[in-house]
Amino acid sequence: MAVDEKLASVYADVLERNPGEHEFHQAVREVLESIGPAVAKHPQYVDAKIVPRICEPERQIIFRVPWEDDDGNIHINRAFRVEFNSALGPFKGGLRFHPSVLLGTIKFLGFEQVFKNALTGLPIGGGKGGSDFDPKGRSDREIMRFCQSFMTELHRHIGEYTDVPAGDTGVGTREVGYLFGQYKRITNRYESGVLTGKGLIYGGAQIRTEATGYGTAVFANEMLLSRGSSLDGKTVTVSGSGNVAIYAMEKARQLGAHVVACSDSSGSIYDKDGIDIELVKELKEVWRARIDQYVATRTKARFEPGAQVWGIPCDVAMPCATQNELTGKDAHRLIKNGCVAVAEGANMPTTPEGVQAFLDAGVAFGPGKAANAGGVATSALEMQQNASRDSWSFRHSQQRLEEIMRGIHARCLETADEYGMPGNYVAGANIAAYTRVADAMLALGLI
Ligand code: NDP
């Protein structure tokens, strides 16, 4: 698709003012390609320069994180917090610790987050943060020292009414615990609502750990239901074996699907009898092992070093690892093998060529900002519980998550219908989110 004529100069500006940030360009382009009809329908957005303002973060923070390893060696990492848009509420979005993290990575994730958060219908703005720190192979104490040093700077920029980080790749409950501990120590405040994804005993919310993956599978099921089918009896493949992947597999199985493959950055496993999700959980969450260890226990399963899961025939694919992991070529392979639905658990895992291939083939394609919004939605519920010093049951939290996912699904479909693109979840998600943020920005004046 092409960027609408009226928006072409905005996109040219983004390219010029953010050189080399390819993932950020890609995320902006994908949104600009979709929102042309909404911009045409609402000239007041053009007058107020809403689109160029949306493409520029409100604030970008870059800082140094010095820390010492167990042998006394000093390391220096670089960290970021991009506070993208707070028209709908405090900045909200996770922290990623991965060696590939650059400012452009965080900007792309922050930009996506603005739209995702708007789609949930909850009062949260968008932001994202992280560091090029590599947690792999680091001891628990090294992780703690890094998190403490990271928070020693970050604490001055965040707060329950300002900016509320959470986890993402490389940042789970353990890291959030160390970050929260250091925030509490520095500020001398037990401000539970400053971080989400906390452990249950100190202000965390039921189902936050499962929420992104569960929500992704629920979204896949909703897409299938809207086409007269469901996940029940479907063969599913999932990429990754981290937080999102594990719980996407678990919910897919609860909904009757047969999950046969998952992966990590070292390769993929195929288990035709169905992935033993409890074993993957133990390997990844307890032992922090590589995925090839799976076949040591499940000897009939197959491990393919360096391979992705996209060559394995499936009805439904859920990319849950990282950005741009599913290319146009992969998409064509999936379509040829009979894949009828794709729900993105990760952020922007499908390349533009891949997305186009799925749309052209009529595959039900749920973009990440809709399909994986269950995580941040549950984070907003965690903030709500913290604010009222309450804690909800697992059952109630799960009901809320499912309601929110069904709401997002319906909003995408209705908006796509309204703008004459029935069944196009990419357009539906982008337009529905954009109009919500734009209306709030208009109401708040030129700030
Ligand atoms: P985790 O760190 O828990 O797991 C990430 C998984 O993806 C691991 O299996 C990892 O393998 C694999 N992976 C990471 N980078 C690569 C790579 N370059 N190539 C191949 N595999 C890779 O992260 P999450 O599960 O939390 O996040 C996964 C995705 O979901 C990300 O895109 C994230 O932004 C998105 N997301 C996460 C949310 C959350 O609540 N956690 C919310 C919404 C979106 P290995 O261990 O070998 O690196």
>> Check whether Tyr190 forms a cation-pi arrangement with Lys184 (NZ or CZ under 6.0 Å from the six-membered ring centre, at most 45° off the ring normal).
In response: no
> If you round to the nearest 0.5 Å, how far is CE of Met318 from CG of Leu231?
Replying inline: 6.5 Å
> Do Phe108 and Phe24 make the cut of ring centroids closer than 6.0 angstrom?
Replying inline: no
>> Tell me which pairs pass salt bridge (charged side-chain N to carboxylate O under 4.0 Å, His left out) where either residue lies in residues 353-380, with sequence neighbours left out.
In response: Glu30-Lys369, Glu112-Lys369
>> Would you say Lys284 and Asn243 are linked by a side-chain donor-acceptor pair, where the criterion is simply a distance under 3.5 Å?
In response: no
>> Set out, in order, the CA-CA distance, both residues' side-chain angles and the distance that settles side chain to side chain contact (heavy atoms under 4.5 Å, CB included) for Asn430 and Glu33, then state yes or no.
In response: CA-CA 9 Å; Asn430 285 333; Glu33 279 175 355; over 6 Å; no
>> Between Gln308 and Ser268, do the side chains contain a donor N or O and an acceptor N or O under 3.5 Å apart?
In response: no
> Going by atom types only, do Ser86 and Glu58 share a side-chain donor-acceptor pair under 3.5 Å?
Replying inline: yes
>> Any salt bridge linking Glu382 with Arg208? Criterion: basic side-chain nitrogen under 4.0 Å from a carboxylate oxygen.
In response: no
>> Using the ring centroid of each side chain, check whether Phe146 and Phe97 are separated by less than 6.0 Å.
In response: yes
>> Using the ring centroid of each side chain, check whether Tyr294 and Phe303 are separated by less than 6.0 Å.
In response: no
> Considering all heavy atoms of both residues, which atom of Thr415 and which atom of Ala432 are nearest to each other, and what is their separation?
Replying inline: OG1-CB, 3.5 Å
> When you look at Ile312 and Val260, which way does the side chain to side chain contact (heavy atoms under 4.5 Å, CB included) test go after all the steps?
Replying inline: CA-CA 9 Å; Ile312 299 165; Val260 295; 4.3 Å; yes
> Any side-chain donor paired with an acceptor under 3.5 Å for Tyr183 and Glu191?
Replying inline: yes
> Would you call the rings of Tyr45 and Tyr434 parallel, tilted or perpendicular, where under 30° means parallel and over 60° means perpendicular?
Replying inline: perpendicular
> Distance-only, no hydrogens or angles: does the Ser397 side chain make a donor-acceptor pair with backbone N or O of Ile207 under 3.5 Å?
Replying inline: no
>> Does Lys41 have more than 12 heavy atoms from other residues, nucleotides or ligands lying within 6.0 Å of its NZ?
In response: yes
>> Suppose we screen for salt bridge (Lys or Arg N to Asp or Glu O under 4.0 Å). Which residues come up paired with Glu222, at least two apart in sequence or across chains?
In response: none
>> Consider side-chain contact (heavy atoms from CB on, under 4.5 Å). Of Ile158, Leu179, Asp163, which one does Val194 pass it with?
In response: Ile158
> Between Val309 and Ser263, what is the shortest heavy-atom contact and its length?
Replying inline: CG1-CB, 4.1 Å
> Between the side chains of Asn221 and Lys251, does any donor sit under 3.5 Å from an acceptor?
Replying inline: no
>> Whether the Asn324 and Gln26 side chains hold a donor-acceptor pair (N or O, under 3.5 Å, no angle test) is what I'd like checked.
In response: yes
>> Assess, by modelled atom type and distance only, whether the side chains of Glu282 and Trp287 contain a donor and an acceptor separated by less than 3.5 Å.
In response: yes
>> Looking only at side-chain N and O atoms, does Asp232 offer a donor or acceptor that is under 3.5 Å from a partner on Ser230?
In response: no
>> Show, in sequence, the C-alpha distance, side-chain angles and deciding distance for Asn372 and Glu344, and conclude whether the side chain to side chain contact (heavy atoms under 4.5 Å, CB included) test is met.
In response: CA-CA 7 Å; Asn372 73 32; Glu344 293 188 325; 5.5 Å; no
>> What I want to find out is whether Glu160 reaches Lys92 closely enough, with some N-O distance under 4.0 Å, to be called a salt bridge.
In response: no
> Between Lys107 and Glu23, is there a salt bridge with N-O shorter than 4.0 Å?
Replying inline: no
>> For a quick test of reading the model, state the closest non-hydrogen atom pair linking Ile291 to Val280 and the distance between them.
In response: CD1-CG1, 4.4 Å
Per-pair distances, 0.1 Å, donor-acceptor, side chain in residues 119-132, under 3.5 Å, sequence neighbours excluded:
| residue | atom | partner | partner atom | Å |
| --- | --- | --- | --- | --- |
| Thr120 | OG1 | Asn117 | O | 2.6 |
| Thr120 | OG1 | Leu122 | N | 3.1 |
| Lys128 | NZ | Asp168 | OD1 | 3.0 |
| Ser131 | OG | Arg78 | O | 3.0 |
| Ser131 | OG | Phe133 | N | 3.2 |
| Asp132 | OD1 | Asn77 | ND2 | 2.8 |
| Asp132 | OD1 | Arg78 | N | 3.0 |

>> Looking at every heavy atom in both Gly94 and Gln113, which two are closest together, and how far apart are they?
In response: N-OE1, 4.4 Å
> Taking it one step at a time, do Glu403 and Arg406 satisfy salt bridge (Lys or Arg N to Asp or Glu O under 4.0 Å)?
Replying inline: CA-CA 5 Å; Glu403 269 165 30; Arg406 282 196 287 272; 6.0 Å; no
>> What I want to find out is whether Glu278 reaches Lys281 closely enough, with some N-O distance under 4.0 Å, to be called a salt bridge.
In response: no
> Does Lys300 pair with Asp271 as a salt bridge, N-O distance under 4.0 Å?
Replying inline: no
>> Angle between ring planes, Phe219 versus His409, binned at 30° and 60°: parallel, tilted or perpendicular?
In response: perpendicular
> Do the two ring centres, one from Tyr202 and one from Phe180, sit under 6.0 Å apart?
Replying inline: yes
> Given the rule in the side chain to side chain contact (heavy atoms under 4.5 Å, CB included) test, do Phe84 and Gln60 qualify, once you have shown the distances and angles that lead to the verdict?
Replying inline: CA-CA 8 Å; Phe84 224 109; Gln60 304 181 58; over 6 Å; no
>> Does Lys234 form a side chain to side chain donor-acceptor pair (under 3.5 Å) with Ser229? I'd like the steps, not just the answer.
In response: CA-CA 10 Å; Lys234 297 284 186 300; Ser229 143; 3.0 Å; yes
